[in-house]
There are 4 protein chains.
Amino acid sequence: MPEARGGRPRDAELHSAILEVTRELLAAGSYAELSMESVAARAQVGKKTLYRRWPSKAPLVAEAVLDAYGRSGSFDVPVSTDLRADLRAWLVEHAEFIADPASAALIRALIAAAAASPADNIALYQQLSVPQHAGISARLRRAVDDGHLDAATDLDAIADALIGILLLRVLTQTPASEQPRTEFDGLLDALLDGALR
Amino acid sequence: MPEARGGRPRDAELHSAILEVTRELLAAGSYAELSMESVAARAQVGKKTLYRRWPSKAPLVAEAVLDAYGRSGSFDVPVSTDLRADLRAWLVEHAEFIADPASAALIRALIAAAAASPADNIALYQQLSVPQHAGISARLRRAVDDGHLDAATDLDAIADALIGILLLRVLTQTPASEQPRTEFDGLLDALLDGALR
Amino acid sequence: MPEARGGRPRDAELHSAILEVTRELLAAGSYAELSMESVAARAQVGKKTLYRRWPSKAPLVAEAVLDAYGRSGSFDVPVSTDLRADLRAWLVEHAEFIADPASAALIRALIAAAAASPADNIALYQQLSVPQHAGISARLRRAVDDGHLDAATDLDAIADALIGILLLRVLTQTPASEQPRTEFDGLLDALLDGALR
Amino acid sequence: MPEARGGRPRDAELHSAILEVTRELLAAGSYAELSMESVAARAQVGKKTLYRRWPSKAPLVAEAVLDAYGRSGSFDVPVSTDLRADLRAWLVEHAEFIADPASAALIRALIAAAAASPADNIALYQQLSVPQHAGISARLRRAVDDGHLDAATDLDAIADALIGILLLRVLTQTPASEQPRTEFDGLLDALLDGALR
DNA sequence: TCATAACCGAGACGGTACGTCAAGTCTTCAA
DNA sequence: TTGAAGACTTGACGTACCGTCTCGGTTATGA
């Protein structure tokens with residue numbers, strides 16, 4: 001416990017309240033439309049309080065999104081004896097999360113934040129994708145260990161494909177017409193069974 | 001021949017000159033750093049001239065990027081007798097385009113522009129992904145017709161996987177550490193040959 | 001007849017039509033609110049046509065006002081045997097002209113034009129006051145000649161006082177509460193008879 | 001004690017600093033040449049700060065000029081036993097103020113400002129003329145009380161004549177040719193002694 | 001008669017300033 | 001020291017006019 005010598009301590013509840021307000025505004029508008037000013041006004045908070053905690057808009061949005069992502073269930077890859085079922089379950093879980101317009105808006109906002117500040121690009125975006133990649137990789141590696149998967153398989157490639165397909169879906173899906181197909185069987189067939197005759 | 005009776009016609013050369021200036025500024029800085037004002041100043045153009053043609057920054061940037069994308073070679077999927085080689089060639093061509101820092105900056109700008117205008121959000125992404133999807137699909141369908149690919153294969157899923165992987169790469173790649181591996185053999189092995197033992 | 005070699009001659013009716021439109025807009029708004037663009041639009045005239053005839057807003061407004069002033073009756077000083085009656089008649093005539101809100105707006109516009117462009121200040125404003133001054137001076141001089149007025153009287157001072165009082169009235173009168181007193185007897189008493197006991 | 005709970009208070013020094021800068025720019029150029037932007041730049045002040053205090057250019061200029069007018073001596077009508085001398089002193093004081101090119105520029109700017117905002121038009125002029133009128137009227141009334149002036153005299157008419165003559169002088173005087181005669185004896189002779197033979 | 005030349009409406013052009021909005025900092029009072 | 005409130009500088013936004021220019025097209029003269 002190094003510091004905080006004297007003075008009033010920071011209000012811990014404010015932190016989550018601000019993140020919540022940020023998410024609300026993000027669901028209502030776009031990343032660009034969200035302003036520090038509007039967050040401060042909606043949260044009934046001085047702008048100084050905002051800047052005391054986050055250096056700028058991008059990190060605030062990043063934390064708000066990742067906070068929601070972390071809180072909304074685990075997104076861990078299931079581990080059963082059926083690899084295909086496990087992967088499908090993981091994909092479906094993500095797809096349903098993405099299908100919620102509010103969640104999709106959050107992810108789009110995170111991408112926008114990353115694209116807007118190329119310096120934080122990595123830190124910001126990979127914070128979301130790296131854990132997913134790790135989870136899928138681990139599950140695949142276990143499948144190799146269990147002899148369910150060919151040892152020569154490029155596990156990273158498969159993980160990237162799964163994540164990439166979800167990413168593409170977030171960005172191109174229309175709020176109106178939800179993509180009905182959340183089965184992913186065709187994808188998993190191709191990835192696991194192969195397609196060449 | 002509907003309209004434009006009377007009045008001085010718009011200068012067509014200005015259009016491309018402005019797009020070029022926009023690209024230059026985008027290569028030098030981020031989307032957020034680019035301002036309509038700086039474009040106007042650099043292009044020696046009145047701001048009104050900008051707003052006469054593009055309602056805001058986002059569509060201007062979008063057109064500038066897509067214009068460059070359209071002009072920079074075709075990115076058509078090659079058609080030889082070797083499906084795997086054709087797909088790999090297409091992937092490598094895109095990967096190299098993406099790896100070029102200037103191009104990556106343009107794409108990041110496009111993403112930021114899409115995030116800025118939620119209305120055009122999907123339209124913008126689809127403008128990029130739909131033609132690619134069509135190209136890949138067509139090539140795959142031909143492979144099915146030629147008997148090289150299993151007729152039951154989910155062609156859309158494969159196309160989405162290929163596009164998704166490139167998308168993921170754009171978003172996660174850092175300016176510093178270029179991803180060295182542009183082979184995609186592992187991915188194609190998995191997708192075409194299958195991985196399940 | 002110096003020039004006009006070849007080419008279509010200028011449309012003479014346009015001239016007065018534009019001046020009329022200018023006056024209409026001046027009656028509706030202020031000098032500052034009037035724009036060359038609005039004049040052109042309202043008169044269904046190209047801007048080039050405006051600038052071909054007047055170098056800028058101030059001269060256009062000046063001509064529009066002076067044109068109306070010149071057209072609206074004579075404002076000549078009457079010449080009877082009764083100096084006081086003549087001056088009062090002249091004052092009343094002016095006062096009634098001024099009491100019309102549209103006319104007052106025109107004069108205010110002329111003053112604004114003069115104040116806005118100090119270079120044309122003299123030319124612009126004195127064009128209005130000098131003829132009045134001359135008219136009054138002449139009438140006063142005649143009164144001196146006729147022996148009705150003391151030869152030592154400062155005729156210019158009296159003329160200035162009469163014009164100045166009208167000027168003050170234009171600028172300070174409220175559109176709502178017209179100044180009821182249009183008699184000017186008190187003023188003429190003071191100026192002609194003196195006030196010192 | 002009504003309001004202003006919390007928040008940083010407005011900087012009072014900025015107010016006068018901005019007015020001073022406005023006057024400097026007005027002395028250098030015309031009202032039309034002065035821009036809010038130039039005021040902000042010269043005063044090292046954000047435009048928001050300007051617009052927080054004045055809704056537009058006209059009121060700012062008005063306050064700047066009236067502030068200088070109020071600060072530059074009192075222009076009170078002297079009160080001695082000699083009415084004519086007192087009035088002459090007052091006239092001369094004003095005439096000299098008007099003759100100063102810097103002051104003339106300020107007054108021209110005030111006139112332009114008044115013309116720009118038709119709503120404040122009268123208010124603005126009256127702000128200048130009413131106090132003067134009151135001062136002169138009071139002095140004249142005192143002269144009546146002292147028996148120096150005929151009780152039947154129209155005091156308002158005399159006051160208006162004096163103010164009107166100064167107004168005329170401001171408007172017609174050119175920067176180049178200063179009117180040399182600042183005596184006003186002819187005017188005062190006519191007004192006080194009368195001219196009719 | 002037919003070219004030449006100035007005119008005309010329309011509206012795009014490069015600029016400058018407008019008045020608004022947001023970013024990020026600073027200053028006050030209260031807790 | 002934290003907070004809410006809000007003024008501060010800076011700089012971009014999108015709009016309005018300025019005065020100039022370029023279109024297609026008209027209307028007079030003069031070859």
Side-chain angles (χ1 to χ4, degrees), chain A residues 3-11 14 32-41 43-57, chain B residues 4-12 14 32-41 43-57, chain C residues 3-11 14 32-41 43-57, chain D residues 4-12 14 32-41 43-57:
Chain A
E3 24 201 324
R5 291 198 0 281
R8 169 177 173 178
R10 286 198 188 167
D11 188 335
L14 273 183
E33 282 163 15
L34 176 128
S35 69
M36 294 300 261
E37 216 123 71
S38 62
V39 172
Q44 292 258 87
V45 142
K47 287 207 286 174
K48 186 87 185 199
T49 301
L50 251 46
Y51 285 103
R52 233 192 295 271
R53 294 158 192 250
W54 297 275
S56 71
K57 185 164 78 161
Chain B
R5 281 248 307 73
R8 171 177 176 177
R10 290 195 188 167
D11 189 334
L14 277 181
E33 283 161 15
L34 176 128
S35 68
M36 293 299 260
E37 216 123 75
S38 62
V39 172
Q44 293 256 85
V45 141
K47 286 206 286 175
K48 190 72 192 248
T49 300
L50 252 46
Y51 286 103
R52 230 192 301 272
R53 295 157 194 253
W54 298 276
S56 69
K57 185 164 77 161
Chain C
E3 25 201 323
R5 289 198 3 283
R8 170 179 174 176
R10 288 196 188 164
D11 188 335
L14 273 183
E33 283 163 13
L34 177 128
S35 69
M36 294 300 260
E37 217 123 69
S38 62
V39 172
Q44 292 258 88
V45 140
K47 287 205 288 174
K48 187 90 184 192
T49 301
L50 250 46
Y51 285 103
R52 209 175 277 134
R53 294 159 193 251
W54 297 276
S56 71
K57 184 164 80 161
Chain D
R5 281 248 306 69
R8 171 177 175 177
R10 290 196 187 165
D11 189 333
L14 277 181
E33 284 162 14
L34 175 129
S35 68
M36 294 299 260
E37 216 124 74
S38 62
V39 172
Q44 290 260 89
V45 141
K47 287 206 284 175
K48 191 75 191 247
T49 300
L50 251 45
Y51 286 102
R52 229 191 302 271
R53 293 157 195 252
W54 297 277
S56 69
K57 184 165 77 160

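In what follows, every chain begins at residue 1, and chains take the letters A, B, ... in the order their sequences are listed.
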**Complete:** Between CH2 of A:Trp54 and P of E:dG24 the distance, given in whole Å, is 14 Å
**Complete:** d(A:Met36 CE, A:Tyr51 OH) to nearest 0.5 Å is 4.0 Å
**Message:** Which heavy atom of C:Ser35 sits nearest to which heavy atom of C:Ser38, and what is that distance?
**Reply:** O-OG, 2.7 Å
**Prompt:** What is the per-nucleotide protein-contact pattern of nucleotides 17-22 of chain E, from the 5' end, where B denotes a base atom under 4.0 Å from a protein heavy atom, S denotes such proximity for sugar-phosphate atoms only, and - denotes neither?
**Reply:** BBBB-B
**Request:** Identify the heavy atoms of A:Lys57 and A:Ala32 that sit nearest to each other, and give their distance.
**Result:** NZ-O, 3.8 Å
**Request:** Compare side-chain N and O positions of D:Arg52 against OP1 and OP2 of F:dC8 and report whether any pair is under 4.0 Å apart.
**Result:** yes
**Length of the CG-P vector between C:Leu50 and F:dG19, whole Å** = 10 Å
**Asked** When rounded to the nearest 0.5 angstrom, what distance separates CZ in C:Arg53 from CG in C:Asp11?
**Response** 6.5 Å
**Message:** Once you apply a heavy-atom cut-off of 4.0 Å, does D:Thr49 come out as touching a base, just sugar-phosphate, or nothing?
**Reply:** base
**Message:** Rounded to whole Å, please give me the gap between CZ in C:Arg53 and P in F:dG19.
**Reply:** 17 Å
**Prompt:** Would you say E:dG15 has OP1 or OP2 under 4.0 Å from some side-chain N or O of B:Gln44?
**Reply:** yes
**Prompt:** In whole angstroms, how far is the P atom of F:dG3 from the CG atom of A:Leu14?
**Reply:** 6 Å
**Message:** Which heavy atom of B:Ala40 sits nearest to which heavy atom of B:Gly46, and what is that distance?
**Reply:** CB-C, 4.5 Å
Give me, pair by pair, the N or O atoms of the protein and of nucleotides 26-28 of chain F that are less than 3.5 Å apart, along with how far apart they are.
residue: F:dT26; atom: O2; partner: C:Arg8; partner atom: NH1; Å: 2.9

**Request:** Give, for atom CG of C:Leu50 and atom CD of C:Glu37, the distance between the pair rounded to the nearest 0.5 Å.
**Result:** 10.0 Å
